Amino acid sequence: MGLFIGSFLNVVAIRVLKKESIAYPPSHCVHCNHQLKPLDLVPVFSYLFLRGKCRYCKEPISIRYPLGEMATALLFMATYWVIGFKLELIVALFFICILVVITQTDLQEMRIPNAVVATGVVGALGLRLWIHPLPLWDYLTGMLVGSGILFTIGIVSGWILKRETMGAGDVKLYVFIGLILGIKLTVFSLFAASVIGLVIGLFQRVQGKQDKYAEVPFGPSIALGSLFVYFFGEHVLNWYLGYF
Ligand SMILES: [Zn+2]
């Protein structure tokens, strides 16, 4: 299920960036627009079978598509393993879907489209009104504090460095993440995302791929950090607090 939903999320990411309809027309090659047949659309396997090239125009297909499909499948499996067959599983799968899409769009065009975030916020609100292991106010403060902290960091660092440092998309994304995580894990996830972002940034600079002020998409780090915290945050915090 994760493989096929991951494949659908790729389509969403591609089309939302191009402002196209998600439902129509049927899947086509991004290079030659040739309509794809069912055999071209089997997640991961088609990519391997076609050796990463379009069957019709031979242009390369981005490795991000099969990787996104694999990641969605593995995350779906891990989710079931961590959460089990509970209502919260619905929230978790929705959380993963939105984060996979914004990771794809942010890597492709350094954009976190409003349409995706808005879908996430509306969905998360609806789900949390129905499924909320913590009291509702916990999720609402998570939403306000998470986006508020990122917004403040963006303003202050913008002043100090005299340039835009934080995309508005990242701030809006935290409205969604706060609603899913609740206040405690939201704050923890900001910390986790920053550490991941720092490690990725340092790694790229050591490799000489980035100059000092190059823009690095923060969305993927936010996605990784918040998923990590969603799954393991409670354990890590309990373990850490156990030292005192
Ligand atoms: Zn093609």
Side-chain angles (χ1 to χ4, degrees), residues 1-79 93-120 122-123 167-170 172-173 176 196-197 200-201 203-204 207-211 214-224 226-227:
M1 192 176 95
L3 278 177
F4 282 95
I5 290 183
S7 176
F8 169 71
L9 298 176
N10 284 336
V11 174
V12 172
I14 294 168
R15 295 196 179 185
V16 89
L17 284 175
K18 290 188 182 170
K19 296 198 160 55
E20 288 176 354
S21 155
I22 286 164
Y24 188 86
S27 291
H28 49 263
C29 168
V30 291
H31 303 291
C32 65
N33 280 329
H34 196 294
Q35 189 174 326
L36 299 178
K37 304 220 165 70
L39 209 57
D40 306 322
L41 291 169
V42 185
V44 182
F45 296 101
S46 290
Y47 181 88
L48 295 175
F49 177 70
L50 297 169
R51 300 215 181 97
K53 289 185 182 113
C54 168
R55 184 198 297 275
Y56 309 99
C57 67
K58 309 286 175 208
E59 286 289 321
I61 303 165
S62 172
I63 184 85
R64 275 190 292 103
Y65 303 138
L67 287 181
E69 289 160 356
M70 282 299 293
T72 312
L74 291 174
L75 285 168
F76 272 30
M77 273 165 51
T79 307
L93 297 181
F94 180 70
F95 192 40
I96 291 168
C97 288
I98 297 287
L99 293 178
V100 167
V101 174
I102 65 98
T103 300
Q104 294 278 26
T105 60
D106 211 16
L107 286 176
Q108 184 159 330
E109 284 190 12
M110 302 264 289
R111 267 197 324 124
I112 298 177
N114 280 337
V116 180
V117 180
T119 308
V122 171
D170 301 325
K172 291 179 207 161
L173 184 58
F176 164 67
I196 294 169
I200 293 176
F203 189 69
Q204 286 182 321
Q207 288 196 317
K209 281 187 183 160
Q210 294 286 352
D211 69 86
E215 285 186 62
V216 180
F218 193 34
S221 303
I222 293 179
L224 272 177
S226 56
L227 277 173

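Quick caveat: nothing in here was measured; it's all calculated off a predicted structure. All residue numbers in this chain count up from 1 along the given sequence. All ligand and atom numbering here is 1-based and tracks the order in the structure.
Taking R55 as the reference, D40 meet the salt bridge (charged side-chain N to carboxylate O under 4.0 Å, His left out) condition, with sequence neighbours excluded. For E109, the salt bridge (charged side-chain N to carboxylate O under 4.0 Å, His left out) partners two or more places apart in sequence, or in a different chain, are R111. Scored by the ring-ring contact (aromatic ring centres under 6.0 Å, His included) test, Y56 finds H34 as partners (sequence neighbours excluded).
In this structure, the side chains of L41 and S7 stay at 4.5 Å or more apart for every pair of heavy atoms.
Shown here are the protein N/O/S atoms lying under 2.8 Å from the Zn ion (ligand 1), water excluded: C29 SG, C32 SG, C54 SG, C57 SG.
K19 NZ: 12 or fewer foreign heavy atoms inside a 6.0 Å radius. Heavy-atom neighbours of M110 CE from other residues, nucleotides or ligands within 6.0 Å: above the threshold of 12.
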